[in-house]
Amino acid sequence: MNRKQVRRALERYRVTSGKGFRLADHDPDDIAEGIVNKHDSQALLTDGVTRLAELQELLYPNGRWALLCIFQAMDAAGKDGTIKHVMSGVNPQGVQVTSFKQPSSDELAHDFLWRVSRRLPERGNIGIFNRSHYEEVLVVRVHEDVLDAERLPPELTGKKIWEHRLTDIAGFERYLVRQGLVMLKFFLNISFEEQKRRFLERLNDPQKNWKFSASDIAERAHWEAYMNAYEEAIAATAAPHAPWYVVPANNKWFTRMVVVGAMVDALETLDLKPMEMQAPDRIRLDEARQRLIDEPD
Ligand code: ATP
Ligand code: MG
């Protein structure tokens, strides 16, 4: 399988416009049959991880662009495992992973983008968001009491609040992209049935018990509301400069392959070249070399 085929597979999942977007059109079981061959998948993943590491080695010294990858999903969709596998080859010094949990009281005292802004990757770096500002139009939308805890003036919490938040998120992302941030947003699309299967596995296997939390079952009861919120969020914020990838997540090997493929594709599009020294810097290197050579023994 060549790069062109990987690109073709990626296009199936990339969403760059909200027009006509429906989550129901995306099958969590999809494995791009006919384009991708499961047999090749391990090699593709390994190649992708290696290529990503090479591209990071160009991104860092270039120091102008940054890459931000946002991961959103229902519980047990495989965010953690995907991040772990996909990033396994890169130099940890150039990557910052942030997991966004329930906001602290300090965070709640600010606007919702405050904590996100503080975690954006520096130029030359890769930032990974395990959950993100999108929680503000997902969990906060599904649970009214979570919005209450944000202590907004009541005048500002009317019916239009979600539409306003989505517009603000889209504007924030537009701004970041104009600042040299390359943005990829991944929704790991697991099915209701597959989530049940994975929860049972966590409950039945003592080695996996730690991954289970009782609140996961409570959230599962709101599945429909979450899917509606996801659909609206993706539709309102998908753009060519900030695409969403709706990644089928019922098969872990496939999820990982799509994610690494999308990251490699985005960095390759930047067409980064190894940095070459400009003449004045080269002269300085020559001088330094000479001084070392001339050092008395
Ligand atoms: P895992 O369960 O695999 O460890 P996780 O991302 O589910 O990973 P948890 O600690 O279980 O981590 O959950 C974090 C919780 O924080 C989620 O329920 C999420 O919805 C919630 N959360 C994140 N951001 C916000 C926010 N802005 N407002 C309210 N809740 C939030
Ligand atoms: Mg959880």
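Note that ligands are numbered from 1 as they come in the structure, with each ligand's atoms numbered from 1 the same way.
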## Note on the structure
The answer for which part of D75 has a heavy atom under 4.0 Å from ligand 1 is side chain
### Task
Examine the proximity of ligand 1 to E219 and report which part, side chain or backbone, both or neither, has a heavy atom under 4.0 Å away.
neither
## Note on the structure
Under 4.0 Å between heavy atoms, the region of L138 that gets near ligand 1 turns out to be neither
#### Entry: ligand 1 contact on Q102 by region, counting heavy-atom pairs under 4.0 Å
both
### Query
Heavy atoms of the protein only: does one fall short of 4.0 Å from atom 11 (O) of ligand 1?
no
#### Entry: Ring center gap for H26 and F21 short of 6.0 angstrom
yes
### Heavy-atom nearest neighbour of atom 17 (C) of ligand 1 within options E136, H133, K211, R131
R131
### Task
Decide, yes or no, whether a salt bridge links R197 with E194 under the criterion of side-chain N to carboxylate O below 4.0 Å.
yes
### Query
Roughly how far apart are T167 OG1 and R165 CZ, rounded to 0.5 Å?
12.0 Å
### the Mg ion (ligand 2) - name of the N/O/S atom of D75 that sits closest to it
OD1
### Query
Q72: heavy atom below 4.0 Å from ligand 1, yes or no?
no
### Query
Once you round to the nearest 0.5 Å, how far does NZ of K79 lie from CE of M74?
11.0 Å
### Query
Heavy atoms only: which of R202, H143, K101 is nearest to atom 22 (N) of ligand 1?
K101
### Message
Any heavy atom of E107 closer to ligand 1 than 4.0 angstrom?
### Response
no
### Distance filter under 4.0 Å to V140 heavy atoms, resulting ligand 1 atoms
28 (N)
### Task
Would you check, one step at a time, whether the test side-chain contact (heavy atoms from CB on, under 4.5 Å) holds for R198 with K211?
CA-CA 10 Å; R198 292 189 191 174; K211 287 190 185 177; over 6 Å; no
### Message
Could you tell me if the side chain of M227 sits less than 4.5 Å from the side chain of F192, heavy atoms only?
### Response
no
### Task
Report the C-alpha distance between R141 and N228 in whole Å, list the side-chain angles of each, state the deciding distance to 0.1 Å, and finish with yes or no for side-chain contact (heavy atoms from CB on, under 4.5 Å).
CA-CA 10 Å; R141 189 169 188 174; N228 290 334; over 6 Å; no
### Query
What atoms of ligand 1 come within less than 4.0 Å of a heavy atom belonging to V146?
29 (C)
## Note on the structure
The closest protein heavy-atom partner of atom 3 (O) of ligand 1 is D80 OD2, 3.7 Å
### Task
Just need the protein heavy atom nearest to atom 8 (O) of ligand 1, so name the residue and atom and give the distance.
K79 NZ, 4.0 Å
#### Entry: Test item: side-chain donor near acceptor, Y13 and N189, under 3.5 Å
no
### Task
Quick one: closest heavy-atom pair of T16 and R14, and the distance?
CG2-CD, 3.7 Å
### Query
For ligand 1, which atoms, with element, lie under 4.0 Å from some heavy atom of V139?
20 (O), 29 (C), 30 (N), 31 (C)
### Query
If you count the atoms of ligand 1 from 1 in the order shown, which ones are under 4.0 Å from a heavy atom of R115?
24 (N), 25 (C), 26 (C), 27 (N)
### Task
Could you tell me the residue and atom name of the protein heavy atom closest to atom 20 (O) of ligand 1, and the distance to it rounded to 0.1 Å?
E135 OE1, 2.9 Å
### Query
At a 4.0 Å cut-off, with the gap strictly under it, does some heavy atom of P103 reach an atom of ligand 1?
yes
### Task
Mind checking the CZ-CH2 spacing from F186 to W244? Nearest 0.5 Å is all I need.
10.0 Å
### Query
side-chain contact (heavy atoms from CB on, under 4.5 Å) between W114 and E107: does it pass, once the steps are laid out?
CA-CA 7 Å; W114 181 74; E107 288 167 346; 4.1 Å; yes
